[in-house]
Amino acid sequence: MATIEGIRIKNFRSLKDVTLGRLWNQQQTDPLTPMTAVIGKNGVGKSTLLDAFGFLADALKSGVEEACDSRGRGGFERIRAQGQKGPIEFEVYYKEDGNARPITYEISINVDHSGRPYVLKERLRQRRKGQKHGWPFSFLLLNSGKGIVWKGDQEGRQIDEEHDVFDLFGLIQSIESGEAEEESTETEVVELDDQRKLGIATLGSLKQHPRISAFRKFIEGWYLSYFTPDAARSLPLAGPQKHLNSHGDNLGNVVQFMEREHPKQFQAILKRIAEKIPGINKIDTEKTNDGRLLLRFNDKGFQDTFYSQQMSDGTLKVFAYLLLLEDPTPPPFLCIEEPENGLYHKLLESLAKEFREHATGRKGGSQVFITTHQPYLVDALEPAEVWILEKGPDGYSLIHRASDDPTVKNMVAEGLPLGGLWYSDYLDAR
Ligand SMILES: Nc1ncnc2c1ncn2[C@@H]1O[C@H](COP(=O)(O)OP(=O)(O)OP(=O)(O)O)[C@@H](O)[C@H]1O
Ligand SMILES: [Mg+2]
């Protein structure tokens, strides 16, 4: 399972410069855990942090200009940290599976003189097999849409940024003129025809670039939940669909898919889920005459079944989350904003445990990233899993990890629940 070990975000709204987890040049920091929760007061930047992932996914899908405008982001100048003139930057440190060498992806986005956003720089790099120290080898270098890419899964160029004044355009010229003898045949000069599109979107569709393809697929697989119970009540018209979409309005289609493709497994899943939802005896499905599939919930107190249209918001939400976690081919990265909304507080601890089980499971679940306001949910978490966002005196966000504070770590080791410590202000930066 591919995982994000760390991320650095610069100039994205209130996130002027925040880092979570490990980066290629910060190896002494622990990587992100399989499950991560971000907490903090109103307006500290939790939604912004989740939207940074959403922005990256949107930029890959439809280019940076559209990503700046979509989902009510309001354009580049609204997104760039106020008072900053530099580009918006992201650095993602990720690895494909347990033993893979991590890869660093960097992208910076700026606006041209007419105010249109474009990709200023993009870069991918990775250390060589057995290389523990020193500069990683770049295998994609793009400046304003033009640059160099190294094919295969080994090649690249080591750039000593402290001593080298690296001249990308000089290297491009020498490769184009055939003078760059030291470069292998795997080196290729590329130019994108649209500077608003990501290089990894174009090059990641080519077989010659397995590392870029893998990274592109990884981001394409991210699931960012904007789940609303009302949407999940809609009756599916189209046919079966494999995965729940971000709004949850294809819940019925996913149910159809599961029933058709994995009938036995699905019955077992429904049984498991019914045991976890308070007040529910049994969940099953009913086919209508026109071929649609209705979800039926058997409420403990009543003889007749209820359909999903009649079920409570919280019940539907828990059902959707649990179904998401039971997905036979789960997304590699799952982001959920405030999953607690509308759920009974005693349910939260078990929901947090479900998320963690999914994230750490041997079945190969998803890396889970959530924001929350709920101490009950945080009670079920470890200090290394919890990040606290705060607003600095200049208005920009600051972040630290609960496990960075030895007092907090000790108190949790002694059996005090983390949510309780948060409630008593022990998690604030000191
Ligand atoms: N371009 C920008 N530059 C700097 N700060 C910004 C920019 N755009 C928005 N902000 C600030 O970012 C902050 C973060 O808002 P965000 O919605 O992420 O908070 P939150 O932690 O999700 O809060 P809540 O708990 O209320 O949902 C807000 O205080 C807002 O003033
Ligand atoms: Mg928010």
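Index from 1, following the sequence. Counting convention: from 1, in listed order, for ligands and their atoms alike.
Trp222 has its ring centre less than 6.0 Å from the ring centre of Phe333.
Residue contact annotation: Ser47 places an N/O/S atom under 2.8 Å from the Mg ion (ligand 2).
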After noting the C-alpha distance and the side-chain angles of Tyr105 and Glu122, does the key distance pass the side chain to side chain donor-acceptor pair (under 3.5 Å) rule? CA-CA 8 Å; Tyr105 174 67; Glu122 229 180 322; 2.7 Å; yes
Throw together a table of side-chain donor-acceptor distances under 3.5 angstrom for residues 49-63, partners on residues two or more places apart or in other chains.
| from | atom 1 | to | atom 2 | distance (Å) |
| --- | --- | --- | --- | --- |
| Asp51 | OD1 | Arg73 | NE | 3.3 |
| Asp51 | OD1 | Arg73 | NH2 | 2.9 |
| Asp51 | OD2 | Arg13 | NH2 | 3.1 |
| Asp51 | OD2 | Arg73 | NE | 2.8 |
| Asp58 | OD1 | Arg71 | NH2 | 3.2 |
| Asp58 | OD2 | Arg71 | NE | 3.0 |
| Asp58 | OD2 | Arg73 | NH1 | 2.9 |
| Asp58 | OD2 | Arg73 | NH2 | 2.9 |
| Ser62 | OG | Asp58 | O | 3.1 |

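Residues meeting the salt bridge (Lys or Arg N to Asp or Glu O under 4.0 Å) test with Lys197, sequence neighbours left out: Asp194. Checked against side-chain hydrogen bond (donor to acceptor under 3.5 Å, both in side chains), Lys353 has no partners two or more places apart in sequence or in another chain.
Protein residues with a heavy atom closer than 4.0 Å to ligand 1 are Arg13, Ser14, Lys41, Asn42, Gly43, Val44, Gly45, Lys46, Ser47, Thr48, Arg78, Ile79, Arg80, Ala81, Gln82, Glu338, His373, Lys391, listed by chain and number.
Ring geometry for Phe297 against Phe319 counts as perpendicular: the plane angle is over 60°, on a 0 to 90° scale with 30° as the lower cut.
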